[in-house]
Structure formats: C-alpha cells, structure tokens
Amino acid sequence: MDKSPYARRDSRKQRYIIGVCVVVGLALALGLGIGLGNKHSGGDSGSTASPTSAPTASSLPSPASLWQPAVNVSWQIVLAQTLNIDSKDPTIKPDVDVFDIDMFTHQNTSVVDDLHRLGKKVICYFSAGSYEPYRPDSHLFNKSDLGHPLQDWPDEIWLNISSPSVRDIMVARIDIAHDMGCDAIDPDNLDGYQQDNGLDLTSLESIDYITFLAEKANAKRMSAGLKNAGDIVTNVLSLVQFSVNEECVKYTECSVFSSFIKAGKPVFHIEYPEGAPSDVTTQASRKLCSTPGAAKFSTVLKTKSLNNWVEYCNGEIAMTDVTAS
Ligand SMILES: *[C@@H]1O[C@H](CO)[C@@H](O)[C@H](O)[C@H]1NC(C)=O
Ligand SMILES: *[C@@H]1O[C@H](CO)[C@@H](O)[C@H](O)[C@H]1NC(C)=O
Ligand SMILES: *[C@@H]1O[C@H](CO)[C@@H](O)[C@H](O)[C@H]1NC(C)=O
Ligand SMILES: *[C@@H]1O[C@H](CO)[C@@H](O)[C@H](O)[C@H]1NC(C)=O
C-alpha cells in the first residue's frame, strides 16, 4: 500500500512561486489600473482575501481551553506505520513532547491513550483535500466531487472542498479524532488551488475550508494546523494553532511561515535531506537547521516515506517502535 502521499512538494513549490509572482504581478497591474482575469493562475490569493465564514466567538470554546503548543516544541511525525507502545515501558523514543500520527491507522488502537499516559500530546493526521481509496470511509465520497489525480500520487484524487458531502465526511473524521482523544488535527492537502486539480479550486475556497475545519475541530476542543499552503498564511494564521510545513528551507520560503513564530505558534517543520536515513552529511543538516528564516522552527529531518526514523538538529537520531507490517 502506498502510504507516503506526503512528499509531493517539488511540484507544489513551483506552483507556489508562480502564485507569488502572479500575486505580485497582479498587484502591480491593479496599481496601474489594469484589470486581469486570472482564473487559472493560482494568483487570486492576495492578502485582501478574507474568510467567508469566520468562527464566531459564541460558537467556540475559549482559547484558553484549547491546546496551544509552544514555539520550538519538540516532536516526531510517523505517517507510514503504526506506533507500538509497550504498556510497561515508561519511555518512548524519541522522548519528545508531540507526536503527529496517521489517524486511521491508529483508530481502534490504544496508541493515543498510551502517548497521553507518557505525557505526550497527539496530533492526528488525515487527508482533508484528497480522496484516498484505502480508507474505511472511502466509499462515502460522491464521484461528482472528484477532480484530477494528484500529480505525484495517482492513487489520490483532488476533492471538491466546497462540496457539502465532502465536508460532512470530514466532520465525521474530526469526530473520529475527537473520540480517539487526539489533541489536534493535521488536515493535509489544503493547497489544491496550487495544483492541476480539475475542479477550478481557488485559494478563497481553501481559506473557507480551513476556517470550516478549524472551527469544527476547535468546537470539539481540538487544535488545528495549517499544512503548507504558504500563500494563505496571513488569511488563516489567527484561526489555527500551528503550522506543519514541508521543505521550506529547500524551497526558500521559511520566512512565509515565520509569521507563526511571531504569533507565538509553532512551525512543525520537516526537511527530507538527501542521503537520509544513513548518509545525511553534517553540512546538509547544518544548512537545513540554521536557515535564518527558520529560527525557532521545530525541525525534524525525515525520509520521504515519513516512517519511524528521525534526525534532529542536535544530531540525535531515533527510531520510534512500530508494529511489524
Ligand atoms: C529549542 O528547543 C531545543 C530542545 O528541543 C533547545 O535545545 C533549543 O535551545 C531551543 N531553541 C530556542 C531558540 O529556544
Ligand atoms: C474501527 O472500528 C470501527 C467499528 O468497528 C470501524 O467502523 C472502523 O472502520 C475501524 N477503523 C479502522 C481504521 O479499521
Ligand atoms: C452526488 O452528487 C450528485 C450530483 O451533484 C447529487 O445529485 C447526489 O445527491 C449526490 N449524492 C450524495 C450521496 O451526496
Ligand atoms: C463543488 O461544489 C460546489 C458546492 O456544491 C458546487 O457549487 C461546485 O459547482 C462544485 N464544483 C465542481 C467543479 O463540481
């Protein structure tokens, strides 16, 4: 089973840069009084965009009752495997504060409870913007809500994130995360507007969607993160509690995400160094760990499979125990 739909960032980045260029170009053009139709440019994401359904104060628990992870908090992410925690073992490798794990593979296991017993916080990952054929609820998706396959992951298909039916399925997923006791959700694939999605998705729809997801999660006393999607950071920064970023050093976009740090919210930052896991050079790890724009990011070095191997900026390497697959 292809369990690594997360390393698709080479194509994402190109579109991100194009999007930024178009935004800048559009701003210049507007400044000159020239109207531009840019339906397919991905550049409709200027900072004037605003969420269309911002959560109301009355519908949400007070911010104090939500988990707000601290800047520079330590973490591990394992999406390709199921953690195996020995109920008699008082420690876990690595001994970090936060674990980001695949929600469905840990449903019906005691892993979230076990992590809590060890004093850890748990972020539950699921794809919110793509159809994956191998999830227990995959049959619920309506064919009319599917767009193009993801470029690097043809198993997965972009979803119409404005569809009420898709949103119902995601509310049910948020309920699963809540029932499992997850402290937060990590909804992936919110950046379809940057891709050839086949549904004419726009960044405004993504802003509306992350607003919707964060509101639903917050109402269940769970935090929510923004995954990648650099060009909507300013629009949703106040609505989410953290960022999960892939490869901002590689693509020189860390400064975009440093707004989170300024707002007192962590950036869970992943880089995929060449040679991982066995041959990461000191030079490579130093570069990935000391980029000025990434100061105070919670950086992990991983392989693209996002398995149990992790290396940290202090040189520590760990392998979290997982079940045999
Ligand atoms: C971030 O946390 C690490 C421990 O995980 C610590 O060694 C480091 O000094 C911290 N950095 C800052 C800037 O607080
Ligand atoms: C967990 O169990 C429930 C109830 O039997 C089932 O509906 C669900 O599909 C299971 N989840 C997984 C990932 O197997
Ligand atoms: C699926 O989409 C079609 C066309 O939009 C709609 O008529 C139908 O009600 C939808 N079915 C479900 C289960 O949402
Ligand atoms: C996506 O769903 C919305 C809401 O149901 C609908 O208005 C829109 O036409 C759909 N987009 C496509 C490309 O089907």
Side-chain angles (χ1 to χ4, degrees), residues 1 3 39-40 52-53 69-76 79 81-83 93-99 101-113 120-121 124-127 129-148 157-170 172-173 175-182 192-193 195-202 204-206 208-209 212 254 258 260-262 264-269 285 289-301 310-318 323 325:
M1 176 164 54
K3 295 300 298 298
K39 189 169 180 226
H40 297 288
T52 54
S53 61
V71 163
N72 191 44
V73 68
S74 59
W75 74 307
Q76 154 75 312
L79 300 185
Q81 296 146 315
T82 307
L83 303 200
K93 292 174 292 186
D95 189 19
V96 290
D97 294 327
V98 179
F99 284 78
I101 58 176
D102 183 90
M103 182 182 82
F104 281 117
T105 56
H106 293 87
Q107 192 188 5
N108 307 327
T109 75
S110 63
V111 167
V112 174
D113 291 341
K120 311 306 180 189
K121 292 289 189 181
C124 290
Y125 168 99
F126 60 88
S127 181
S130 75
Y131 167 85
E132 303 162 301
Y134 44 82
R135 299 304 188 181
D137 59 358
S138 298
H139 63 281
L140 296 175
F141 289 97
N142 196 330
K143 272 209 167 59
S144 64
D145 289 332
L146 306 183
H148 289 168
I157 302 174
W158 291 109
L159 286 170
N160 183 350
I161 58 176
S162 297
S163 157
S165 155
V166 166
R167 290 185 176 207
D168 285 350
I169 293 166
M170 295 307 156
R173 288 183 174 186
D175 286 345
I176 291 173
H178 176 254
D179 292 345
M180 290 169 66
C182 306
Y193 63 90
Q195 318 276 346
D196 172 25
N197 59 70
L199 297 158
D200 288 334
L201 297 176
T202 67
L204 279 176
E205 285 178 280
S206 275
D208 188 65
Y209 191 47
F212 172 84
C254 292
S258 62
F260 276 92
I261 304 298
K262 291 193 198 90
K265 300 175 180 185
V267 177
F268 293 108
H269 168 221
S285 91
C289 288
S290 59
T291 294
K296 299 193 188 171
F297 284 19
S298 300
T299 299
V300 290
L301 309 181
V310 61
E311 181 169 337
Y312 293 94
C313 288
N314 64 6
E316 182 193 344
I317 291 174
T323 58
S325 54

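Every heavy atom of this structure was used, including side-chain atoms; hydrogens, water molecules and symmetry mates were not. Whatever order the structure lists them in is the order used to number ligands and atoms, beginning at 1.
Residue N160 has at least one heavy-atom neighbour below 4.0 Å for each of these atoms of ligand 4: 1 (C), 2 (O), 3 (C), 8 (C), 10 (C), 11 (N), 12 (C), 14 (O). Set against the non-hydrogen atoms of P164, the atoms of ligand 4 under 4.0 Å away are 5 (O).
Using a 4.5 Å heavy-atom threshold, the side chains of I169 and F141 count as touching. Residues R173 and F126 meet the side-chain proximity criterion, which asks for heavy atoms closer than 4.5 Å. Using a 4.5 Å heavy-atom cutoff, the side chains of V96 and E316 are not in contact.
Between the side chains of N160 and S163, not a single donor N or O lies within less than 3.5 Å of an accepting N or O. In summary, the side chains of S162 and E205 do present a donor paired with an acceptor at a separation below 3.5 Å, with no hydrogens or angles considered.
Checked by distance only, ligand 4 and S144 stay at 3.5 Å or farther apart across all their nitrogen or oxygen atoms. Residue K296 places no N or O, backbone or side chain, under 3.5 Å from any N or O of ligand 1.
Here the CG atom belonging to L201 is positioned 10.5 Å from the CG atom belonging to D196, to the nearest 0.5 angstrom.
The cationic atom of R167 (NZ for Lys, CZ for Arg) lies less than 6.0 Å from the six-membered ring centre of F212 and within 45° of the ring axis.
Between L199 and ligand 4 there is a heavy-atom distance shorter than 4.0 Å.
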Which N/O atoms of ligand 2 sit under 3.5 Å from a protein N/O, and at what distances?
unit_1   : atom_1 : unit_2 : atom_2 : d
ligand 2 : 2 (O)  : N108   : OD1    : 3.1
ligand 2 : 2 (O)  : N108   : ND2    : 2.4
ligand 2 : 11 (N) : Q107   : OE1    : 2.9
ligand 2 : 11 (N) : N108   : ND2    : 2.9

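Side-chain atoms of D179 do not come within 3.5 Å of backbone N or O of A177 as any donor-acceptor pair.
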